[in-house]
Chemist: 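Before I ask anything, let me first share the structure, which is written out below as structure tokens.
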Amino acid sequence: MRTHLCGAVRETNIGHTITVCGWVGRRREHGEHLAFLDIRDHSGIIQCVVDNNVDVRSEYVVQVTGVVRARPEGTINANIPTGAVELGDCVVVVLNSAESPPFAIDARADDVDELIRLKFRYLDIRRERLQKNLRLRASINSAIREAMELQGFVEVETPMLMPSTPEGAREFLVPSRKEPGSFYALPQSPQLWKQLLMLAGIDRYYQIARCLRDEDLRADRQYEFMQLDAEMSFVNQDDVLSAIGAAVTAAATAATGYAPPQIERMTWRDAMENYGVDKPDLRFEMKLVEVTSVFSATEFKAFAGAQSIKAICVDALTYPDAAASGRNKLDAFTDRAKKMGAKGLVWIKVGADLVFDSPVAKFLSDTEKAALLRSTGAVQGDLILIVADEWATTCEVLGQLRNDIGRPPVHEGPYRYVWVMDFPLFVGVDPVTGAPRPGHHPFCHPHPDDIHLMETDPLKVRALAYDLVLNGWELGSGSIRIHEPELQRRVFNLLGISDDEADKKFGFFLQPFKYGAPPHGGFAFGIDRLTAVLAGEENIREVIAFPKTQSGTDPMTNAPTHVDAKHLTELGLRVLPPPVSA
RNA sequence: GGUCCCGUGGUGAAGUUGGAGUUCACGCCGCCCUGUCAAGGCGGAGGUCGCGGGUUCGAGUCCCGUCGGGACCGCCA
């Protein structure tokens, strides 16, 4: 139907008769016998010069045949790639008329309410932003596949219908028609399948896999999302990082046109100590400063005896607004700190002659003040924020404040990839059973140097587990898995899961390990998140064709919907009345 | 489950101390217009101010509730 794409017409085509197809964009009418039409397809727009009797409106679908010609002197549009040429002597065939759309399809500075965009998603996708993002996503997927294939990974598809497994995220359930009362679960990830594929001798598996989790949605979380899921046999940690690094590097190169530098590494401990989060945004400084020793003999009660005291210095040159915060803002920081679990937040504004402006200034000795200035490097105009609490709380609270104050918009700054290594095997203890809780999942291999601590000091045991972080976004995580049944049993027992229970819950998964499990490890990272960051989007909905709202609905299809009673009966289901709230 | 922000013609916004559905830009419809490109000029249509209560002589505006959207906390092994 067409010989050229609209956005591809150039001066080299001058003199040729060509045919383009697309949607009518803007029309500029100049009396009876002259009008300009912008015809748009996914590649761009081309200006067509037509007789004003041609009756077409916005978003009509047309086929235009005409002669490519140079635009007259002085009428060249430098803002568009096709701006030096136009289509003349046009014959316009209307392939379809169209009602005027609920919002403008051409790119506008004003953005449209997202509810309306989602209701008319097919029109939203017609616009430049989503066209660009979806095509970027496709090129990222393609680059990842190529990188994985090159490294000998075999693409294997795994089931969407699987048994429910007890641990981890809430699952979506699918009722069984043949066995009423029984359910399949949709996979939170192909974790169990891919480990079985290692036992099965696939050696290197990958899949761009759909994962489903029935947990509340966020800017970086949808019910369904895509992961590059991979697993490798006979490898150590470095082998996995290098293989996945190659895929990420290929994706980033495809998206941005240049390769990112070697992905740096940081221990989890260092990430927490310096950035207060396990997904540090390395695009900006404002690191956490250790000041516990400064206050070892302090008179100030809130600091005396605190396990960990840390500070951040809000530099007035970089963050003039935050550093000059008034009482309201400082109270808001304090509220935020308290909501994160801190007992309080100490703020100090450094004034002229380095005089402290702070409610607690009078409790601090001159020695302490001097030491604080020295450690934080604070100068006149800066704002110092201090938290004194248990180590984890101190780090997390200041890490959050650091992000709140300093984090640049997603489209700004360099791409800073970092592997966060040596995650703890267990994080905290179950308040009911007192058993430690897995930091990642129960199949992570403990760090060989720490295995002897498992029973005596479990919270000190590191795992061979690692996250990939980009500009403060957790892209994904992985680990070396336990392949020894005996060690797996030890971990389960520590988690308070008896051999019997483990067999009941994970039997289909654990049994096969008796038959010769190779050492293996793997990784998975979120394609949506990677694409969003590389597209400069704050929200993964902008890189997903048909996303759900924060409440999990689709305004276009109205999903989820009620179903016929007959349908339910067939599945052996009955819907309960909604619970009456008190 | 919780905190916060938002909801006004088709779209995006403004709406002051509570005083007539008022205003602006875009779009839409009609007319004029031969080199525009966010074309221009003139005219016109278009409203359950999300919904329901309450206060008031009077509510887009204040109060309560509710629905919807968004950000975050919890949650996401």
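Throughout, a chain's letter reflects where its sequence line sits, starting with A, and its residues are numbered from 1.
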Chemist: Check if the side chain of A/Arg57 and the base of B/C29 share a donor-acceptor pair of N or O atoms closer than 3.5 Å.
Modeler: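 No, the side chain and the base share no sub-3.5 Å donor-acceptor pair.
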
Chemist: Tell me if the side-chain of A/Glu32 makes a donor-acceptor pair with the base of B/U34, cut-off 3.5 Å, by modelled atom types.
Modeler: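 Under the 3.5 Å cut-off, the side chain and the base do not form any donor-acceptor pair.
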
Chemist: Apply side chain to side chain contact (heavy atoms under 4.5 Å, CB included) to A/Leu530 and list each qualifying residue two or more places apart in sequence or on a separate chain.
Modeler: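 For A/Leu530, the residues satisfying side chain to side chain contact (heavy atoms under 4.5 Å, CB included) (neighbours in sequence not counted) are A/Ile140, A/Ala251, A/Tyr417, A/Leu470, A/Leu475, A/Phe525, A/Leu534.
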
Chemist: Can you name the atoms? Protein N/O to nucleotides 70-73 of chain B N/O, anything below 3.5 Å, with the distance.
Modeler:
residue, atom, partner, partner atom, Å
B/G70, OP1, A/Gln550, N, 3.1
B/G70, OP2, A/Gln550, N, 2.7
B/G70, O3', A/Arg541, NH2, 3.1
B/A71, OP1, A/Asn539, ND2, 2.5
B/A71, OP1, A/Arg541, NH2, 3.1
B/A71, OP2, A/Gln550, NE2, 2.6
B/A71, N7, A/Gln550, OE1, 3.2
B/C72, OP2, A/Ala219, N, 3.3
B/C72, O2', A/Arg336, NH1, 3.4
B/C73, OP2, A/Arg218, NE, 3.4

Chemist: Does OP1 or OP2 of B/A39 have a side-chain N or O of A/Arg28 closer than 4.0 Å?
Modeler: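 For B/A39, OP1/OP2 do have a side-chain N/O of A/Arg28 under 4.0 Å.
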
Chemist: For B/A71, give the paired nucleotide (Watson-Crick: N1-N3 plus N6-O4 or O6-N4; G-U: N1-O2 and O6-N3; both under 3.5 Å), or none.
Modeler: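 Looking at the geometry, B/A71 pairs with B/U3.
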
Chemist: Would you list the pairs meeting salt bridge (charged side-chain N to carboxylate O under 4.0 Å, His left out) in which at least one residue belongs to residues 79-91 of chain A, sequence neighbours left out?
Modeler: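 Checked against salt bridge (charged side-chain N to carboxylate O under 4.0 Å, His left out) - neighbours excluded - the pairs reaching residues 79-91 of chain A are A/Arg69-A/Glu86.
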
Chemist: With sequence neighbours excluded, what pairs up with A/Trp193 under the ring pair (Phe, Tyr, Trp, His ring centres under 6.0 Å) test?
Modeler: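 Applying ring pair (Phe, Tyr, Trp, His ring centres under 6.0 Å) to A/Trp193 gives none.
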
Chemist: Applying side chain to side chain contact (heavy atoms under 4.5 Å, CB included), name anything that partners A/Tyr184, two or more places apart in sequence or on another chain.
Modeler: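 Expected list: A/Leu161, A/Val174, A/Ser176.
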
Chemist: Determine: side-chain N/O of A/Ser58 to OP1/OP2 of B/C28, distance under 4.0 Å, yes or no.
Modeler: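 Yes.
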
Chemist: List the residues meeting ring pair (Phe, Tyr, Trp, His ring centres under 6.0 Å) with A/Tyr223, not counting sequence neighbours, and say none if there are none.
Modeler: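 For A/Tyr223 the ring pair (Phe, Tyr, Trp, His ring centres under 6.0 Å) partners, ignoring immediate neighbours, are A/Phe172.
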
Chemist: Looking at A/Arg221 and B/C76, is any side-chain donor or acceptor paired with a base atom of the opposite kind under 3.5 Å?
Modeler: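 Side chain to base: pair present.
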
Chemist: Using the salt bridge (charged side-chain N to carboxylate O under 4.0 Å, His left out) rule, collect all pairs that involve residues 401-412 of chain A, keeping only residues at least two apart or in two chains.
Modeler: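 Non-adjacent pairs meeting salt bridge (charged side-chain N to carboxylate O under 4.0 Å, His left out): A/Asp281-A/Arg407, A/Arg336-A/Asp404.
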
Chemist: Counting distance alone, no hydrogens or angles: does the base of B/C37 have a donor or acceptor under 3.5 Å from a partner atom on the side chain of A/Arg71?
Modeler: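 In this structure, the two groups form a donor-acceptor pair.
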
Chemist: Run the side chain to side chain contact (heavy atoms under 4.5 Å, CB included) test against A/Ser498 and tell me which residues pass, sequence neighbours left out.
Modeler: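 Side chain to side chain contact (heavy atoms under 4.5 Å, CB included) check on A/Ser498 returns A/Asp500, A/Glu501.
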
Chemist: Do A/Asp55 and A/Tyr60 have side-chain heavy atoms sitting under 4.5 Å apart?
Modeler: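 The answer is no; the side chains never approach within 4.5 Å.
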
Chemist: Return a single string for nucleotides 40-47 of chain B, one symbol per nucleotide in 5' to 3' order, where B is base contact, S is sugar-phosphate-only contact and - is none, cutoff 4.0 angstrom on heavy atoms.
Modeler: --------

